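This report concerns only the one structure given below.
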Amino acid sequence: MRKPLVAGNWKMNKTIAETRDLVFTMSMKLRKIEGVEKVICPPFVSLMAASALLEGSGIGLGAQNMHWEEKGAFTGEVAPGMLKELCSYVILGHSERRTYFGETDETVNKKVLAAQKAGLTPIVCVGETLAQYEAGQTSDVVSTQTRAGLQGATSDFASKIVVAYEPVWAIGTGKASSAENAQAVHAGIRQVLSEMFGKETAQAIRILYGGSVTASNAAEFFSQADIDGALVGGASLKVDDFVGIVSQSKVAKGE
Ligand code: PEP
């Protein structure tokens with residue numbers, strides 16, 4: 001069975017002091033919710049403070065990006081081994097990284113394989129743009145991104161990878177996908193994963209939906225057979241909204 005997972009992507013928000021406040025308040029409420037994996041992904045500079053506050057809470061911590069090399073002359077970058085000392089998860093290939101920082105399926109794949117080597121759990125984001133959605137290309141785009149991003153992963157590691165389907169047109173727009181549309185895309189992603197790693201492994205992989213998830217629409221997503229949780233942006237910065245989403249996600253799914 002797949003344990004649900006809800007991750008909060010704070011993006012470039014909150015100072016270290018603000019992170020301390022928010023993590024403290026949020027963790028008091030989140031730690032009481034069982035049956036779901038909870039993950040908070042603040043900016044790099046706040047990981048240390050958040051990790052100290054979350055120790056023993058059962059709440060996971062993740063970064064929002066990393067480089068694929070272990071070390072070297074890559075000014076401004078952060079290596080997998082550096083993150084491993086602070087957190088267990090890393091968001092890779094978010095559409096904002098693809099759009100503004102030139103990430104490609106190839107660099108996402110290098111990062112996924114680097115996460116495998118470092119023992120980090122990647123949350124790999126895939127999703128189509130509005131133009132691709134309107135042109136009926138969703139399935140092709142998402143399949144290609146999934147195949148290219150995860151190729152070369154071992155089956156053992158693949159079963160731990162988290163995939164997040166985030167239609168670009170739904171991120172931060174308040175226009176979430178319908179739950180039925182998301183379910184159809186998730187089922188397609190699981191089919192691709194099955195072709196890549198076998199049915200058993202594909203059944204173990206959590207596929208999250210992301211894009212304008214709120215406490216009001218979360219339950220509808222979580223009731224779908226192949227939606228195993230959510231990657232939450234805006235609403236993850238508000239205690240009651242994030243706690244509300246997490247508390248609705250407790251249904252384990254799969255074979
Ligand atoms: C995201 O950035 O991953 C995201 C899903 O954002 P939002 O929830 O704000 O749409």
Side-chain angles (χ1 to χ4, degrees), residues 1-11 33 35-41 60 62 64 89 91-98 108 121-130 132-133 137-139 141-143 145-146 149-150 160-194 202-238 241-254:
M1 296 295 270
R2 302 185 296 272
K3 188 175 186 180
L5 190 156
V6 178
N9 173 15
W10 288 15
K11 311 195 187 195
I33 308 173
V36 48
E37 223 170 305
K38 303 143 274 189
V39 181
I40 290 172
C41 304
Q64 300 172 15
Y89 296 85
I91 298 172
L92 297 178
H94 190 281
S95 69
E96 285 150 18
R97 301 236 29 112
R98 293 178 191 255
V108 172
T121 301
I123 300 174
V124 184
C125 302
V126 297
E128 81 286 5
T129 63
L130 182 61
Q132 291 164 334
Y133 174 71
Q137 295 167 347
T138 301
S139 170
V141 170
V142 168
S143 298
Q145 288 176 340
T146 305
L150 273 58
K160 298 177 189 91
I161 291 176
V162 179
V163 176
Y165 168 55
E166 299 207 308
V168 180
W169 47 269
I171 296 180
T173 58
K175 292 182 190 146
S177 161
S178 71
E180 293 72 25
N181 173 66
Q183 163 58 27
V185 179
H186 282 224
I189 292 172
R190 203 174 301 286
Q191 178 57 37
V192 170
L193 295 171
S194 183
Q203 278 296 324
I205 298 175
R206 270 111 31 116
I207 308 176
L208 315 182
Y209 168 76
S212 297
V213 174
T214 64
S216 315
N217 63 19
E220 231 185 306
F221 288 110
F222 299 151
S223 68
Q224 305 294 321
D226 288 288
I227 300 186
D228 305 307
L231 180 55
V232 185
S236 72
L237 293 164
K238 297 176 202 132
D241 291 11
F242 192 59
V243 170
I245 293 168
V246 172
S247 59
Q248 294 178 62
S249 72
K250 295 189 219 167
V251 194
K253 304 197 184 113

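What you are looking at is a predicted structure, and each value in this text was computed from that prediction instead of being measured.
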Problem set entry | Nearest non-hydrogen partners of Leu5 and Leu208, listed with the distance | O-CD2, 3.4 Å
Exercise. Can you tell if the side chain of Leu150 reaches within under 4.5 Å of the side chain of Val163, non-hydrogen atoms only?
Worked result: yes
Exercise. Of all residues at least two apart in sequence or in a different chain, which pass the side chain to side chain donor-acceptor pair (under 3.5 Å) check with Thr129?
Worked result: Gln132
Problem set entry | Backbone N/O of Ala215 and side chain of Gln248: donor-acceptor pair under 3.5 Å | yes
Exercise. Can you check whether Gln64 reaches Trp10 side chain to side chain, under 4.5 Å on heavy atoms?
Worked result: yes
Exercise. So do the side chains of Phe221 and Ser249 get within less than 4.5 Å of each other, counting heavy atoms only?
Worked result: no
Exercise. Does Gly93 offer a backbone N or O that forms a donor-acceptor pair with the side chain of Arg98 under 3.5 Å?
Worked result: yes
Seminar exercise, completed: Closest non-hydrogen contact found for Pro167 with Gly210 is CD-O, 3.4 Å
Exercise. What heavy-atom pair brings Ile171 and Ser95 nearest, and what distance separates the two atoms?
Worked result: CD1-OG, 3.3 Å
Problem set entry | side chain to side chain contact (heavy atoms under 4.5 Å, CB included) partner of Ile245, chosen from Val232, Val36, Asn217 | Val232
Exercise. Roughly how far, to the nearest 0.5 Å, is the NE2 atom of His94 from the CG atom of Asn9?
Worked result: 5.0 Å
For this session: Check whether any side-chain heavy atom of Lys3 sits under 4.5 Å from a side-chain heavy atom of Arg206, and report yes or no.
Result: yes
For this session: Would you name the heavy atoms of Ala235 and Asp241 that are closest together and state the gap between them?
Result: O-CB, 3.6 Å
For this session: Compare every heavy atom of Thr146 with every heavy atom of Val142, then report the nearest pair and how far apart it is.
Result: O-OG1, 2.7 Å
Problem set entry | Interatomic distance, Ser194 atom OG to Gln203 atom CD [nearest 0.5 angstrom] | 8.0 Å
For this session: Check the pair His186 / Gln224 against side-chain contact (heavy atoms from CB on, under 4.5 Å), numbers first and verdict last.
Result: CA-CA 9 Å; His186 282 224; Gln224 305 294 321; over 6 Å; no
Exercise. Is Tyr209 reaching over with its side chain to a backbone N or O of Ser177, donor-acceptor style, under 3.5 angstrom?
Worked result: yes
Exercise. Residues two or more places apart in sequence or in another chain: which of them pass salt bridge (Lys or Arg N to Asp or Glu O under 4.0 Å) with Arg190?
Worked result: Asp226, Asp228
For this session: Ignoring hydrogens and angles, tell me if any N or O in the side chain of Lys11 forms a donor-acceptor pair with the backbone of Glu96 under 3.5 Å.
Result: no
Seminar exercise, completed: Only residue of Ile227, Leu193, Val185 satisfying side chain to side chain contact (heavy atoms under 4.5 Å, CB included) with Ile207 is Leu193
Exercise. Which pair of non-hydrogen atoms, one from Gly8 and one from Ser236, has the smallest distance, and what is that distance?
Worked result: CA-CB, 3.4 Å
Exercise. Any side-chain heavy atom of Ser212 sitting closer than 4.5 Å to one from Thr173?
Worked result: yes
